[in-house]
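Heads up: the structure comes next, in structure tokens.
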Amino acid sequence: MFDSLASRLQDVFTNLNRKGRLSEDDVDSAMREIRLALLEADVNFRVVKTFIARVRERSVGADVMASLSPGQMVVKIVLEELTALLGQNPTRMVLSNRTPNVLMMVGLQGSGKTTATAKLAWRLRKQGKRPLMVACDVHRPAAIDQLEALGRELQIPVYRGQGDEAGDAVATAEAGVRHAIDQMYNVVIVDTAGRLHVDEEMMQEATAIKQAVKPDQILMVVDAMTGQDAVNVTSEFAKVLDFDGLIMSKLDGDARGGAALSIREVTGKPILFASEGEKPSSLDEFHPDRMAKRILGMGDVVSLIETAMDTNLEAEIADWDEERLKKGQFTFDDFLKSIKQMRKMGGISAIMKMLPGGAKGIPDGALDDSQITRMEAIIFSMTPKERNNPKLLNGSRRARIAQGSGTTVVEVNRLMKQFAEAQKMMKQMGAMSGKSKKGRRGRGGMPGLPGL
């Protein structure tokens, strides 16, 4: 997501920061590079024009030109304007007091709407709601079966049309809401068929469903990989349905990200959620400020911490004996636990993208999660005694482990070095945790990250 844009912008700012003073020519040169980077990311050209004009006007101001570090001032301006472009402040989806609360999902064919419906239902259930998904896509073959399969996987009920109503999307939606009332479900998510904005008959069907169930909110699912086309489509949907907010899907597969940067500015509709992956937990609230920082290589440590908390990392670390860690008694079994948590948090590549600097400068393949699998294979090829006491791993044992894991002795030695670094770090973190817990007993905490 935004990989190419982030790389280009970071290069521009690196060049600016090398200059002690900035002239208007320096600013103009930087603006040209930023303009090209945004256009290559498939950002709407009108949005680019307005964005560059705002940034340039602020960047040639007296405060910036006279600043001791003007390059950093320009970065700050771009960050603020980029955040404003994405929506300034995060907009939350707030459910009304109506029972059941009705949410209607709309979008183009193939936008990932049905998957987004299931992810949203899973998210609402985690918040204590009782969601019911209603399968109203009576046009796409196996669409209803897909939603039911997702419902079974997530253990969330799905209502499908019965008898005469089975082929009628409007009747199914109405019956689904009545079923929710009878069964005491407090949230209904209506999954409608994907439709082209130029298909008048399908758009009329969406309007009829809206009039029939009177949804509290209409959410449009937009495929981030459609680029500027997403902006045009969203504008047309807004005219007909006047939806309330957007869900950006497939952000993990879009290296450009132009749709996300354009859609808020052009349509005025807020991006409520962003989906990056196939897992139910991959639907997250959209935070404009955090996304802007990630694009500029400043990381997103807040989201990283929230992910750690959501994966119950604190409870896992609490299982590790603090006194043992202080003494450096960190074993390969502990190392396996850390790898397991890394997987839960999206893998090493996802974690690195949330850290300042991201993966910039790291060779391709170095963050390949298949490397984690090879590390696990090496550890599983050790005996329990070897895992508990790494000092036993002499040359012959390492050769045996390499053969048993289908790796090489070089890879085993590399893992041993990585383990030694982790052992050293955990010893330091154990000591820091002990100090940070003095005076705040009962709050718990993640070693090295007080208050987590």
Side-chain angles (χ1 to χ4, degrees), residues 92-96 98-107 111-138 140-163 165-166 169 172-194 209 213 215-219 221 247-252 272-285 306-316 340-341 343-347 350:
R92 302 283 182 264
M93 185 185 76
V94 180
L95 299 180
S96 72
R98 175 188 176 191
T99 302
N101 211 271
V102 180
L103 307 177
M104 179 177 170
M105 308 288 280
V106 299
S111 62
K113 181 174 43 55
T114 298
T115 305
T117 297
K119 290 179 179 179
L120 181 59
W122 186 84
R123 182 183 181 88
L124 290 170
R125 190 182 63 185
K126 280 192 66 179
Q127 296 173 359
K129 305 297 182 182
R130 295 190 67 239
L132 171 71
M133 298 187 290
V134 180
C136 292
D137 185 351
V138 298
R140 179 168 63 91
I144 296 174
D145 293 337
Q146 180 190 358
L147 188 64
E148 287 188 321
L150 290 168
R152 285 192 298 271
E153 180 184 345
L154 302 177
Q155 297 183 330
I156 296 173
V158 175
Y159 180 86
R160 64 183 298 164
Q162 308 292 325
E165 72 187 31
T172 299
E174 289 180 306
V177 173
R178 288 196 299 270
H179 178 75
I181 294 172
D182 292 341
Q183 300 299 318
M184 302 294 289
Y185 293 107
N186 52 19
V187 178
V188 176
I189 306 178
V190 179
D191 178 33
T192 66
I209 293 174
V213 300
D216 297 89
Q217 293 187 61
I218 300 176
L219 304 180
V221 181
I247 296 177
M248 297 296 299
S249 67
K250 307 179 187 178
L251 269 173
D252 53 320
L272 300 175
F273 299 99
S275 178
E276 300 180 53
E278 295 298 323
K279 294 181 179 179
S281 58
S282 63
L283 184 71
D284 297 311
E285 286 186 340
E306 288 179 352
T307 302
M309 294 177 71
D310 197 45
T311 55
N312 206 25
L313 181 59
E314 179 179 356
E316 288 284 344
K340 179 182 177 182
Q341 287 300 325
R343 285 191 182 280
K344 285 184 179 180
M345 293 170 67

* To do: Tell me, with the steps shown, if His179 and Leu132 meet side chain to side chain contact (heavy atoms under 4.5 Å, CB included).
  => CA-CA 9 Å; His179 178 75; Leu132 171 71; 3.8 Å; yes
* Asked: Stepwise, does the side chain to side chain contact (heavy atoms under 4.5 Å, CB included) test hold for Ile189 with Leu124?
  -> CA-CA 10 Å; Ile189 306 178; Leu124 290 170; 4.0 Å; yes
* Are Lys119 and Ile247 close enough, and set up right, to give a side chain to side chain contact (heavy atoms under 4.5 Å, CB included), and what steps lead you there? -> CA-CA 11 Å; Lys119 290 179 179 179; Ile247 296 177; over 6 Å; no
* For the pair Met105 and Leu120, evaluate side chain to side chain contact (heavy atoms under 4.5 Å, CB included) and give the outcome as yes or no after the intermediate values. => CA-CA 10 Å; Met105 308 288 280; Leu120 181 59; 4.1 Å; yes
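The side-chain contact (heavy atoms from CB on, under 4.5 Å) test with Leu95 is passed by exactly one of Val187, Asp216, Asn186, Val102: Val187.
One finds no salt bridge joining Arg160 and Asp191 here, because no Lys/Arg side-chain nitrogen approaches an Asp/Glu carboxylate oxygen to under 4.0 Å.
In this structure, Ser249 contributes its side chain and Val221 its backbone to no donor-acceptor pair below 3.5 Å. Judged purely by atom type and a 3.5 angstrom limit, Gln217 uses its side chain to pair as donor or acceptor with the backbone of Val94. Looking at Arg130, its side chain does come within 3.5 Å of a backbone N or O of Met184 through a donor-acceptor pair.
Between the side chains of Arg140 and Gln146, at least one donor-acceptor pair of N or O atoms lies under 3.5 Å.
Heavy atoms of other residues, nucleotides or ligands lying less than 6.0 angstrom from CD of Gln127 number more than 12.
Counting only heavy atoms from C-beta outward, the side chains of Phe273 and Glu285 approach each other to under 4.5 Å. When side chains are defined from C-beta on, Pro131 does not count as touching Trp122, because their heavy atoms never get closer than 4.5 Å.
Minimum heavy-atom separation, Asp137 to Gly194: OD2-N, 4.2 Å. Closest approach of Ala166 and Thr172 over heavy atoms only: O-OG1, 4.3 Å. Between Pro100 and Ala180, the shortest heavy-atom distance links the atoms CG-CB, 4.2 Å. Gly151 and Met133 get closest at one heavy-atom pair: CA-CE, 3.8 Å. Considering all non-hydrogen atoms of both residues, Ile209 and Thr192 come closest at CD1-CG2, 3.9 Å. Taking all atoms of both residues into account, the shortest heavy-atom contact from Leu154 to Arg125 is O-NH1, 2.5 Å.
Between atom CG of residue Leu147 and atom CZ of residue Arg152 there is a gap of 10.0 Å, rounded to the nearest 0.5 Å. Within the model, atoms NZ of Lys126 and OG of Ser281 stand 7.5 Å from one another, a figure rounded to the nearest 0.5 Å. Here Ser282 contributes atom OG and Lys250 contributes atom NZ; the two are 12.5 Å apart, rounded to the nearest 0.5 Å. With values rounded to the nearest 0.5 angstrom, Leu272 atom CG is found 13.0 Å from Asp284 atom CG.
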